[in-house]
Amino acid sequence: GQPAAPAPAPAPASPPAQESENNDADQPGVASIAIAARAGAMADALKAVAAQYTQETGIDVQVNDMPYDNLKETIVLDVRNNSGAYDLVMMDDPWMPEFGQANLLANLDDYFTEGVDPDFVPTTINLSREPYGTGSLYALPLIGNVQMFFYREDLIEKYDLTPPENWDDVLAIAEVITREEPDTFGYALRGQRGNPIVSNYMPLFWAYGGRVLDENGVPQVNSEAGVKAMETYMKLKDLGPVGVEAFDSDQIATALTQGQAAMLVAWPSWVAMVDNEEDSLVAGKVAFAAVPGQVNESAAMIGNWLLGVPRTSSKIEAAVDFMKWVTSAEVQKEMAMIGGGVPTRRSVYQDPELIEKYRHYPAQLEALERSVARPRTPYWSQIEDVWGMYLSQILAGQVEIQEGLDRANEEIKNMLP
Amino acid sequence: MSITRFEENRLHQVESKWKIIGNRGLFAGIMAFIVVWSLFPVYWMANNSLKGRLEQFSSIPTFYPHAPTLENYHRLFQEMGFLGTIGNSAMVAFVSSVLAVAFGSLAAYALSRYQFKGKQVLLAWILLTRIFPPVAFVIPLYSIMGNVGLLNTRIALILAYIVFNLPFAIWMLIGFFSEIPIEIEHSAQVDGASPFQVFRQIVLPLVAPGLAATAIFSFVMSWNEFMYAMIFIQSPDLVTVPVALSGLVTEYLVLWGPMSAGGILSTIPILVFVIFLQDYLIKGLTLGAVKG
Amino acid sequence: MTWIFLTPTVVLFLLLTVYPLFYAAYTSFFRVDYILDQSTFVGIQNYQRIIRDMNFWNAVKNTLIFVVSAVLFELVLGTAFAIFFNKEMKYRKLFRTIVLIPMLLPPITVALTWKMMYAYDQGVLNYLLEVIGLGRIEWLSSTTWALTAIIITDIWQWTPFVFLMVLASLQAIPESLYQSARVSGATSWQCFRYITLPLLKPTLTLALLLRTIDTFRVFDKMYVLTGGGPGNATETITFYIYRYGFRYFHTGYAAAGSIIMVIMVCGVSFLYIRRAFRTANAK
Amino acid sequence: MKITMKEVTMKFNDVTALDQLSVDFEPGNLISLLGPSGCGKSTTLFLLAGLHQPTAGEIYFGSQLMNQVRPENRGIGMVFQNYALYPHMTVQENIEFPLKIKKAPEKERARRAMDMAELVKIGELLKRKPRQLSGGQQQRVAIARALAGSPKLLLLDEPLSNLDARLRLETREEIRRIQRETGVTTIFVTHDQEEAMSISDKILIMNAGHQQQFCPPQEMYEKPANAFVAAFLGNPPINLMEAVCTDAGMPGIRLHTMEHAVPLTDVFREALPTGQRCQAGIRPEDWFVTNDTAHTAFTGKVIHKETIGRDTLIRIERDGVFVRALVQPQANILLGDSISLGVQSGKMKLFHIDTGKAYA
Amino acid sequence: MKITMKEVTMKFNDVTALDQLSVDFEPGNLISLLGPSGCGKSTTLFLLAGLHQPTAGEIYFGSQLMNQVRPENRGIGMVFQNYALYPHMTVQENIEFPLKIKKAPEKERARRAMDMAELVKIGELLKRKPRQLSGGQQQRVAIARALAGSPKLLLLDEPLSNLDARLRLETREEIRRIQRETGVTTIFVTHDQEEAMSISDKILIMNAGHQQQFCPPQEMYEKPANAFVAAFLGNPPINLMEAVCTDAGMPGIRLHTMEHAVPLTDVFREALPTGQRCQAGIRPEDWFVTNDTAHTAFTGKVIHKETIGRDTLIRIERDGVFVRALVQPQANILLGDSISLGVQSGKMKLFHIDTGKAYA
Ligand SMILES: Nc1ncnc2c1ncn2[C@@H]1O[C@H](COP(=O)(O)OP(=O)(O)OP(=O)(O)O)[C@@H](O)[C@H]1O
Ligand SMILES: Nc1ncnc2c1ncn2[C@@H]1O[C@H](COP(=O)(O)OP(=O)(O)OP(=O)(O)O)[C@@H](O)[C@H]1O
Ligand SMILES: [Mg+2]
Ligand SMILES: [Mg+2]
């Protein structure tokens, strides 16, 4: 039989039309909508603009911000228990296939009968569809994150080097800087197990030509590319500060802003902090570029935050209204100005006022346009977790590279249906 | 006060002046160790809460803020409405620990004094609920709360914390109750006190130190509980301290400054609670009441 | 009469723990994907898979190391502190409060503060070690030290727990027993050894039990300090369960893990659970 | 209120503290429980109070079966052997407690507490906590508390053991007075036989959980039911020696190691044929110093002499048989003297050689 | 070991439990502390044991000042008034404890524990825990424990208060025997004067923290230093009445409410001029019934009569003055009779009317 479901069995995916009917009935009475958000600058920015929305429409917007893991728990529990507590949820883009297949989200096609505004960078909209790129729309991209390569321009100049084109260059430069520059290491990586190390390692993995899953969905993390990428990664570790095995974003950010690390892969939202004299010793000394390639072209990893509507929300219409409003060019610009937003619209990247403020915008738009998404599989969370654990083991020297990757691959294989 | 008086006497009783000085030195040394051990991380937190991010990570740590700033506190209050958050926590923790201790002491008393059918089962069950990892409870509890419409209310948290603290309170208090000389209870019974009166007027005052300790534990656990608070509460104006603080672990950065400030601030109400209950911790009451 | 005392507890427990416990036990026999809302009965397959999983046994090993060392130190230190502070002294209340403070801080802040202090380059601990002429330690990033670092943090935070329990029960020891022992010629140490310790035994047993149970469930410190890493050097059973339960939402598998863990805790603490039951039945 | 115990047995695991005790306490009586340490006195009180449940047997108050009645509903005042004061309450609160439970108005409580405290002379200690009191003071608080609630049955477990002679005397007289006035049935455990003798209507003597004798004090002193009771009562204790019935001309009894007999009263004659061995009991005060061999029951050497207040106690030995005798201080007896003692007529008690049961 | 207390004062906050006590206990003596409840007996023992620190004054063992010496280094055996048994240890472990502390070999410990237990007749209880014992049994464990450690100074705080007369007698004789054999200086608190009289070398009587008299027992009984001591010792207590010196022909003393005087011994003559008022103390046993008016000191009506064991106690009243007298049971006195009593020669004690100090 079936296990005792924690709540009365959720009704099968109800057609959107039906839902909108319900919602139409509710519509006039909507006094507030609740958003589950990833804590951080973007949630803060969201809160800031939400106040404005309330002023305009009278609808109260409650933004509940929470850490990464809890956000996912919260969304799943909310929908699976039909509690309807949230009307909008922020999602990391790799969750999309999982959420889409699990029917957690409301299909938004009906609300975008004319299609989505082409101003959105296509790669970001692709993420919002399920299946990827081609399917129905389940979300809108709120934060257009993409990985970028940060490097200390001043040091490159000081030692007469050229900015790196590929990972071999990175290694070479890192070596020089580590050797020559007191108290500064060449490269800082994120070594903490799970999402941090995977996000940080994947650019290399792709650059060396690796693929997580092949056409048949068979895992390939122990491919030769994977091994080579890992070898480079290990070398980079040795050219970094001690203790990177435990580093996450916060630590590499600290390393960079304290002038301890010369190069790293990071998210664009850092730029504001890096260039802020109060937080950073290296303000103005850092340059931003697309992530280096190797065998392959530069492959920046896209890491968008999407905004979707849980299927169980009773205020879908109002939610969609807010969604449209908050992803509009004006609001995106405003959020960008506050410092929490990373635009997903071309027009915003090209806004002169913003370029004035954020010198990396052109580079970022380019990276975004050329970005690569993580594998579109509902099992991504698990793959990432397992893979990340073995990568971390390798990094910490618990196992050899090949053996660790083999085990990771084996385990990922077992995990997939 | 058990060895209390001896220890105090010891200072008078040692044979020579040098030994006095030696003892004092040892005493002060141990004391210093304990204080440093307990307070250093807290001091460090306070220290960081008054620094800007740059100074927090300067490669030679600064032992006091060279450029002190109240910015972190300001942010906490201004942007996060931390006062309300503390209020939420205080309310939830207070109500749930009072109820947990109240229910717990009743149950523990019955369990420690009476024999009845099913006692072993009940004891085992109580312990079992404590052993289970809370992660295993989240899903079913969430669905219960959802079904009775308690999600996003303080009541949900209070209920969850009572359940969460009860096993602990019961086991603690059973221990304390069994230390009371039964003669005193007998005496009260003979004086005409009903079981409830015995409990209220004799037993409870006698286990005051135990009650205080248990209440402190329950309060602390409720105050600091994260997982249920995270999941059960959706409105920002109902969140508790740990949840609010966890919001400072952002995707790219940990906001160390406000985090430290929040840590420091959030201990204040709980400290008040503890200091208030400390008085009950002090008295050893069974002395001289019963022979043998 | 008895039932009047027990009613509130029993009612609450019936309402709020019976269902979750049975739910967990029940789902452990299913392969569940909670997100996809799929579940199939698989018998004891989940258990079999867990038992065959090397990572699980690694988590068990870490957990046991963690439990044994943390609980041991907490008991010893907590008892020592309690005895030290169970006497008249100036500002006793103040000092006692100071000892309690670590326990009062939100675990997340505690973990993060220690994380800062453990940092290899900017951390104050390494700085101090260097100042006194010892080398820096890779507190969180080396597989050998990471667990130790977490253990230290846990000891720091939960020693006050034992302190408080012991302190409260020290109050119940009649002074006349010490007087009698002193007169018999017992030194302070002997008083402690022969009077205090045996009389504290029920309390210490209980503290041992409760701390064991709680450290077995430890999660937040690993989560914040190391994320279970480096590698799987600090992955504990709860962390393992958490991964399956909330990262993958394989709730059946996680439930099976929980049940195995409960059985293990019962096994490990069998002796003192029995003793605790006896205390409960004493009168 | 009449108290009846019917074949009450109390076992603690394998220890039988009370064995089939059957006894009726008359209403309004003050009954003393006497017996060696560990004989079951406290246990009896605990059973009456309802604090222990008898292993077997029944307890009635009046005609009501009490076995199932809870202690708090029995209307009892009790002084515990170990006081069992409430350590967290002041003396006054301790004394008031039974009244507080009965919800007596506060003023009345305070007044009564004061009265009771005065009675046992601790009026000035009302504000102290038990641990600030001396042993005797604690005991007096316990007495005041037991009396305060105007109980229907008063159970006192060695309530005076830590008081000095004078206070003891005064307190027991007060207790007796209150008991008489209120007519409350009172059971009084004491190890002090003099106390038991002087205040009780009846005494119950127990040994190893068994009832030995239950009767008015003087009767018990004069007609002990068995050798145990005889030996137990009296201070210095009775001399118990082997003896044998003789019939040299007239019925007589000859003490062990002695050559000739003293006349035997008729009452014993029937039960004791000539040649029958028995135990003879002679109280120290029932001897008299004599030179007349016709009266001499025992002759021996004085090996010990002590003066206790107004009396002189001597010990005399002959062939390993020892005898205690109280003599007038005036009698000029020296250590080492050989003297002869006679028994005052009718004072010799005789008991069965094996069972110890009294003859006649 | 000689024990010296020099002006020792002990205060508990505002309560003065002991006031400038100065006393020498001779080595090898057994000294009894007597006094009303709360007079400071336990406090004295606690000070000697080092468990309390004197507020003022000095304590010497031999010639060594002990004030700074910790209890465990004083070599003491002590029985606490409340026993203070270790609840977590069996009887045997309790008794062995002092030896265990001294690291005596296990065998020897067990043997000695057994010996001590046998001494106080609890040999069969060795395996029990204190709470499974009766009050008297607990007390005996405490005695055994105090003796087990072969102390240099033995402090016994009412060690026999919960024992029955026989056991009490036996135990105190055992204690006395051991004390004699080992020569250990022993201080024995008791409320039982008879006990104190019979076993002590000297008695120290205290009242409200003040020393009253310190001398051998018989002397104390016969020559009480003051009215308090006189009243305290003796059971039934001494009769204290106002009296006045007369000189009708020869020196005499006339009791209050009486018309004529009895002759006064010469010893008092000097201190007591004619007309001087004083307190006269006459022990109940020092009266004799008389018809001779020349001897009559007191005449009155018998208002009470009770028989205590071998004596008859009567109370006589006249104009509100009460007198207790012990008379021969043979004397056929009935309630309501009017009788006259004389005082045995030399037995009348006289005390200062205000201070109570004895004359002569
Ligand atoms: N801790 C204390 N605080 C205040 N007063 C105390 C304390 N201990 C004893 N006292 C008082 O000191 C006086 C002497 O007490 P102590 O115990 O020496 O009396 P005691 O002679 O042993 O009497 P008892 O025969 O009743 O045991 C008493 O009045 C008592 O109330
Ligand atoms: N809880 C118990 N477990 C085992 N035996 C017990 C328990 N309580 C009492 N006894 C035993 O029962 C017997 C009677 O005890 P009880 O207390 O009635 O004696 P008692 O007559 O009051 O003696 P005492 O005069 O010494 O107080 C004793 O031998 C005692 O050891
Ligand atoms: Mg008893
Ligand atoms: Mg005393």
Side-chain angles (χ1 to χ4, degrees), chain D residues 12-13 15 17 34-43 81-83 121-122 125 128 132-140 157-158 160-169 190-194 197-198 218 221 231-237 283-286 306-311 313 326, chain E residues 12-13 15 17 34-43 81-83 121-122 125 128 132-140 157-158 160-169 190-194 197-198 218 221 231-237 283-286 306-311 313 326:
Chain D
F12 298 101
N13 306 325
V15 182
L34 263 182
S37 171
C39 71
K41 304 183 293 290
S42 302
T43 304
Q81 191 165 10
N82 57 14
Y83 323 150
K121 309 219 157 43
I122 47 170
L125 306 178
R128 294 216 205 147
Q132 297 174 312
L133 301 180
S134 79
Q137 288 163 343
Q138 289 184 25
Q139 201 164 36
R140 285 180 272 162
D157 200 349
E158 310 228 357
L160 311 173
S161 63
N162 278 289
L163 305 186
D164 60 279
R166 176 117 71 110
L167 195 56
R168 198 177 167 101
L169 196 75
T190 176
H191 59 264
D192 181 339
Q193 20 172 304
E194 213 169 293
M197 301 286 274
S198 67
Q218 207 55 34
Y221 191 79
F232 193 79
L233 282 190
N235 183 17
R283 298 208 179 272
E285 69 269 25
D286 291 338
E306 70 181 332
T307 307
I308 309 174
R310 57 190 190 270
D311 287 310
L313 176 69
L326 277 174
Chain E
F12 297 102
N13 306 323
V15 182
L34 262 183
S37 171
C39 70
K41 304 181 294 289
S42 301
T43 305
Q81 193 165 10
N82 62 7
Y83 323 148
K121 309 218 158 41
I122 46 168
L125 305 178
R128 292 216 206 148
Q132 296 175 312
L133 300 180
S134 78
Q137 288 163 342
Q138 290 184 26
Q139 200 165 36
R140 286 180 271 163
D157 199 349
E158 310 229 358
L160 311 174
S161 63
N162 278 291
L163 304 187
D164 59 279
R166 174 118 72 112
L167 194 56
R168 197 176 169 105
L169 195 77
T190 175
H191 59 266
D192 181 339
Q193 19 171 305
E194 211 170 297
M197 301 286 273
S198 66
Q218 207 54 36
Y221 191 78
F232 194 80
L233 283 190
N235 183 17
R283 296 209 180 274
E285 69 269 26
D286 291 340
E306 69 179 333
T307 306
I308 308 174
R310 56 188 191 270
D311 288 312
L313 177 70
L326 276 175

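In what follows, every heavy atom counts, from backbone to side chain, and hydrogens, waters and symmetry copies are set aside.
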Working to the nearest 0.5 angstrom, can you tell me the gap between E:L133 CG and D:S42 OG? 11.5 Å
Checking D:A17 against chain E: side chain, backbone, both or neither under 4.5 Å from a heavy atom? neither
If I measure from the heavy atoms of chain E, does D:Q137 come under 4.5 Å with its side chain, its backbone, both, or neither? both
I need the D:N162 CG to E:D157 CG distance, nearest 0.5 Å. 8.0 Å
Please walk me through it: do D:S37 and E:S134 pass side-chain contact (heavy atoms from CB on, under 4.5 Å)? CA-CA 7 Å; D:S37 171; E:S134 78; 3.6 Å; yes
Nearest heavy-atom approach of E:H191 to D:D164 is CB-CA, 3.4 Å
Hey, what do you get for CD (D:Q81) to CD (E:Q139), rounding to the nearest 0.5 Å? 8.5 Å
Contacting moiety of E:P36, where chain D heavy atoms sit under 4.5 Å: both
Counting heavy-atom pairs under 4.5 Å to chain D, which of E:R168, E:R140, E:Q132, E:Q193 comes out on top? E:R140
Within this structure, what is the CG-OG distance for the pair D:L160 and E:S161, rounded to the nearest 0.5 Å? 11.5 Å
Taking all heavy atoms of E:R128 and all of D:V15, pick out the closest pair and write down the distance. NH2-CG2, 3.3 Å
